[in-house]
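In what follows, every heavy atom counts, from backbone to side chain, and hydrogens, waters and symmetry copies are set aside. Letters A, B, ... mirror the listed sequences (proteins, then strands); counts begin at 1.
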Amino acid sequence: MLIFEHEDKKLNYEQDSVKISDVLKDLKLDGKKVIAANLDGEEFDLSREVSHGGVINAITTDSPEGLEILRHSTAHLMAQAVERLYPGTHFGVGPAIKDGFYYDIDVAGSITEQDLPKIEAEMRKIVGQAEKITREDLPKSEALEFFKTKNDPYKVELISEIDAPTVSLYKQGEYADLCRGPHVPDTSKLHNFKLLSVAGAYWRGSEKNKMLTRIYGTAFATPDELKTYLKRMEEAKLRDHRKLGKDLDLFSLHEEGPGFPFFHPKGVAIMNTLIEFWRREHMKRGYVEIKTPQILDRELWLRSGHWDHYRDNMYLTEIDEKPFAIKPMNCPGSILVYKTQLRSYRDLPMRLAELGIVHRHERSGVLHGLMRVRCFTQDDAHTYIEHSQIRDEVMRIMELDKYVYTQVFGFKYYVELSTRPEDSMGTDEQWQTAEAALREALESTNTPYTVNPGDGAFYGPKIDFHLEDCIGRTWQCGTIQLDFQMPARFDVTYIGEDGAEHTPVLLHRVVFGSIERFLGILIEHYAGAFPYWLAPVQVKIIPVSDKQLDYVNELRDKLMADNLRVEIDTRNEKLGRKIRDAQIQKVPYMLVIGDNEKDNNLVAVRERSKGDLGSMSYEDFLKLLAQEFNPIK
RNA sequence: GCCGGUGUGGCUCAGUGGCAGAGCAGCGCACUCGUAAUGCGCAGGUCAACGGUUCAAAUCCGUUCACCGGCUCCA
């Protein structure tokens, strides 16, 4: 006897086993959108026979679970098409992912993006054939035999590692795949998919293994959702900071300096404004600022542990035949500053901030506009504290991060706790204490976080703050790292209340992370339309003709004297043209100056999104600007 | 670093073995203009670099570099 429950409904069957689709039908849970079911937390195909009852729910394509199944089935569909078109292809793994799916394959020759339409066409053919997707449970040994015969070494490897007596196979037509399932009942359920790109991916994610070909695609429940997604990707492309950086004349990249961006006047204007804001917030919060050298004796890096744990990322040089290194981090320099005096417990927490330029050797393939570079400015600070101050200091920093990310910039962000990596220094006990301290700070502030095991710095665990960009990618910005190692290695001390010497705890932290990366994220976040306080050009003055040049120059001088970033468009162009160009440059305010304004001592204000605001006096315009959000006012 | 792709004027791109092109931007001239592109003209390229094949290479082959999409790695 089997008993199924759904909400307040109950259903009994006399027989020993029953088909999921029958149960759903009897519960009136069937429908066009239903592709699988959830029974006591486990997902089942509609065609599965079950011999136990429980709480049952239908899985529809408009739920996250349903979408995942849909995408997973589409991955299989793609694999089947690939196998038809490229016989002899070996298959790796093909899961559903955040915005779609992929399949890793080992194909003789190569597949390029030009081949995708062909594969897609074959997929549609299989959809038309409405191939039934069937599940088969079989002993591991049989499955192994099956894939050995099929000459699919990757599947053989996967099965050998499965720790269960039986495995499941999913078949559709001539295609069979090792898979946990569930899947849609047949291939005709798959319509709204698109293959997107081809890339390389190491087998099982290890660079020691062979590189396979990965085909990315996406699938949605409805054509509209697919269209919306593709449109969003198009729009994201338009926001790409590399394109906007060029169009808005913010920065450039050159072959002569791979990974070393060149910043133009407008890019620097934004960065300087960010830095001004940063200084203001930090001075308010009890930080003091230092500056330490770019190049330091190798001895220092040996002592800090960087030589042992970070050498591959360091640029080396020589001065007077002595080895030196270009700094990849600011901590050792900060420590030397701390140690210039005998410190008292009364000096703690001592918050030494530094806008430190660091160089790190990044492998050529990872460079990406401003997001991933080889030289960047960290908005760093090293805080020296007593053990008892860890929690409070971490919470103070988290508060600052929250203010900056959400209040000032309006970002969504995610918090991650990264624990001890393989290549690290210190004792297990030190790491446990440090990790526990960070956890405590997260928990006592009710901050939701995920744990990223083994991703800490080599000297301590860390809390990372990831900001989400316009296409849902996340970038690590802020970090708070707890360090018991450096202070000990450098004999950093303070005199306690008890008159004895103690070793302080060192907190490394950044808010923006890298000024360069943060600028990149902001460009995409705002799509180049920077808010008034950050805009590289805040006001563009546009004379209607060159008869107003004198008045316009006078206006510019006044605005500049009021510390505004202002430009005049003196080109011999029509008004419409000058406005268009200022709009394209996303300047927040335009002042249109014709005879009317000149004769009556007025300015005609145009705001980039609201349009013409009419004429007003200069003073009224300043009042208007004063109402704009401005955290450094 | 690895896999795949791409590299033509400041920008966006056409040109697939036979004289290097277009639009925009720039410069000059005319128009002196009222809220998203005025017209006419001029100038601008070692076709990423190096090597090879060929009577002839932007085009075919090789090497290197950079960039793009990913993987691995990271702020």
Side-chain angles (χ1 to χ4, degrees), chain A residues 102 104 106 110-115 196-216 237 240 242-243 246-247 249 252-259 310 312-313 328-329 356 358 360-380 418 455 457 462 464-467 475-479 481 508 510-518 520-521 542-549 571-585 590-597 604-608 611-615:
Chain A
Y102 67 79
D104 284 347
D106 185 358
S110 69
I111 287 183
T112 72
E113 266 157 51
Q114 272 104 54
D115 299 318
L196 299 172
S197 61
V198 178
Y202 297 110
W203 167 237
R204 317 201 77 170
S206 166
E207 60 184 321
K208 293 193 185 81
N209 291 337
K210 183 170 177 176
M211 182 152 279
L212 307 179
T213 302
R214 174 172 296 179
I215 305 177
Y216 281 98
K237 225 189 242 168
D240 190 316
R242 293 165 300 188
K243 179 176 165 40
K246 202 182 274 175
D247 293 349
D249 196 18
S252 55
L253 299 162
H254 301 266
E255 282 205 19
E256 291 82 351
Y310 209 72
D312 290 348
N313 288 297
M329 295 189 196
V358 296
R360 296 180 183 178
H361 179 69
E362 299 289 348
R363 301 205 278 182
S364 60
V366 308
L367 302 176
H368 181 94
L370 298 182
M371 304 297 200
R372 198 70 189 275
V373 294
R374 287 177 171 150
C375 166
F376 57 97
T377 313
Q378 287 188 304
D379 62 320
D380 215 346
S418 295
D455 207 39
K462 55 179 185 166
D464 289 328
F465 296 79
H466 297 260
L467 301 193
W475 296 97
Q476 188 182 321
C477 289
T479 174
Q481 309 182 346
H508 309 241
V510 288
V511 182
F512 295 147
S514 136
I515 306 282
E516 290 77 0
R517 172 182 286 182
F518 202 75
I521 294 170
I542 301 177
V544 171
S545 77
D546 56 16
K547 286 191 294 184
Q548 297 88 25
L549 282 182
R571 289 176 306 168
N572 186 10
E573 289 289 351
K574 299 249 186 286
L575 175 61
R577 175 51 178 277
K578 295 184 200 175
I579 287 174
R580 180 186 149 82
D581 287 346
Q583 287 285 154
I584 289 171
Q585 288 293 305
M590 286 157 250
L591 296 182
V592 176
I593 307 297
D595 282 336
N596 181 33
E597 286 70 31
V605 181
R606 183 188 164 99
E607 202 270 343
R608 70 180 160 202
D612 192 353
L613 302 181
S615 289

Who pairs with [X] by side-chain contact (heavy atoms from CB on, under 4.5 Å), at least two apart in sequence or on another chain?
X	result
S418(A)	E416(A), N452(A), D455(A), K462(A), D464(A)
V511(A)	H282(A), D379(A), L400(A), D401(A), V404(A), Y405(A), R509(A)
R374(A)	P258(A), F260(A), Y315(A), H361(A), E362(A), S364(A), L367(A)
T112(A)	S110(A), Q114(A), D115(A)

request  = Using a strict cut-off of less than 4.0 Å between a Lys/Arg side-chain nitrogen and an Asp/Glu carboxylate oxygen, indicate whether E573(A) and R580(A) qualify as a salt bridge.
outcome  =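 Salt bridge between E573(A) and R580(A), a charged N being under 4.0 Å from a carboxylate O: no.
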
Take atom [atom1] of [X] and atom [atom2] of [N], then tell me their distance rounded to the nearest Å.
X	N	atom1	atom2	answer
L367(A)	U72(B)	CG	P	17 Å
R242(A)	U6(B)	CZ	C1'	13 Å
H254(A)	A49(B)	NE2	C1'	18 Å
K208(A)	C71(B)	NZ	C1'	15 Å
R517(A)	C74(B)	CZ	C1'	7 Å
L467(A)	C74(B)	CG	P	19 Å
H368(A)	A66(B)	NE2	C1'	16 Å
E256(A)	A66(B)	CD	P	11 Å

[N]: pairing nucleotide in any strand, Watson-Crick or G-U under 3.5 angstrom:
N	result
G44(B)	none
A14(B)	none
U38(B)	A30(B)
U6(B)	A66(B)
G51(B)	C61(B)
C71(B)	G1(B)

Suppose we screen for side chain to side chain donor-acceptor pair (under 3.5 Å). Which residues come up paired with [X], at least two apart in sequence or across chains?
X	result
D612(A)	none
R571(A)	D569(A), D581(A)
E113(A)	none
K246(A)	none

query = Hey, which of these two, E516(A) or S197(A), hits RNA chain B nearer its 5' end, going by closest nucleotide?
reply =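 Nearest nucleotide further toward 5': that of S197(A).
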
message = Taking donor-acceptor contacts at under 3.5 Å, does the side chain of E255(A) reach the base of A49(B)?
response =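 Not at all, since no donor on one side and acceptor on the other fall under 3.5 Å apart.
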
inquiry  = Can you say whether a donor on the side chain of R372(A) sits under 3.5 Å from an acceptor on the base of C74(B), or the other way round?
reply    =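 Present.
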
Residues 196-203 of chain A side chain polar contacts: donor-acceptor under 3.5 Å, at least two apart:
unit_1, atom_1, unit_2, atom_2, d
W203(A), NE1, E157(A), OE1, 3.2
W203(A), NE1, E157(A), OE2, 3.4

Restricting to non-hydrogen atoms, name the atom on [X] and the atom on [Y] that form the minimum distance, rounded to 0.1 Å.
X	Y	answer
I542(A)	A582(A)	CD1-CB, 4.2 Å
R360(A)	Q378(A)	NH2-NE2, 3.4 Å
D595(A)	K547(A)	OD2-NZ, 3.5 Å

Please give the distance between the [atom1] atoms of [N] and [M] as a whole number of Å.
N	M	atom1	answer
A66(B)	C60(B)	P	23 Å
G7(B)	U59(B)	P	11 Å
G45(B)	C71(B)	C1'	37 Å
U53(B)	G69(B)	C1'	32 Å
C61(B)	A57(B)	P	15 Å
C65(B)	C24(B)	P	39 Å
A25(B)	A37(B)	P	12 Å
U46(B)	A36(B)	C1'	40 Å

query = Has K462(A) got a side-chain N or O lying under 4.0 Å from the OP1 or OP2 atom of A75(B)?
reply =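 Yes, within the criterion.
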
key: Sugar-phosphate only, base, or nothing, as touched by Y102(A) at under 4.0 Å among non-hydrogen atoms   =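 Answer is nothing: Y102(A) stays at 4.0 Å or more from every strand.
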
message = Using a 4.0 Å heavy-atom cut-off, does V373(A) contact any base of the nucleic acid, only the sugar-phosphate backbone, or nothing at all?
response =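 Here V373(A) touches the bases of the nucleic acid.
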
Contact letters for nucleotides 33-39 of chain B, in which S counts primed atoms plus P, OP1 and OP2 and B counts the base, heavy atoms under 4.0 Å = BBBBBB-

ask   = What one-letter contact string describes nucleotides 8-16 of chain B from 5' to 3', where B marks a base within less than 4.0 Å of any protein heavy atom, S marks contact via sugar-phosphate atoms alone, and - marks no contact?
value = ---SS----

ask   = Hey, is Y216(A) doing a stacking thing with G70(B), by the 5.5 Å centroid and 30° angle criteria?
value =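 No, the aromatic ring of Y216(A) does not stack with the base.
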
Flag, side chain of R517(A) to backbone of F376(A), donor-acceptor distance under 3.5 Å =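 No, because the side chain of R517(A) does not come within donor-acceptor range (under 3.5 Å) of the backbone of F376(A).
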
Shorter than 3.5 Å, N or O on both sides, protein versus nucleotides 1-5 of chain B: list them out with atom names.
unit_1, atom_1, unit_2, atom_2, d
G1(B), OP2, S364(A), N, 3.4
G1(B), OP2, S364(A), OG, 2.1
G1(B), N7, G365(A), N, 3.2
G1(B), N2, Y202(A), OH, 2.3
C2(B), O4', Y202(A), OH, 3.4
C3(B), O2, G200(A), N, 3.1

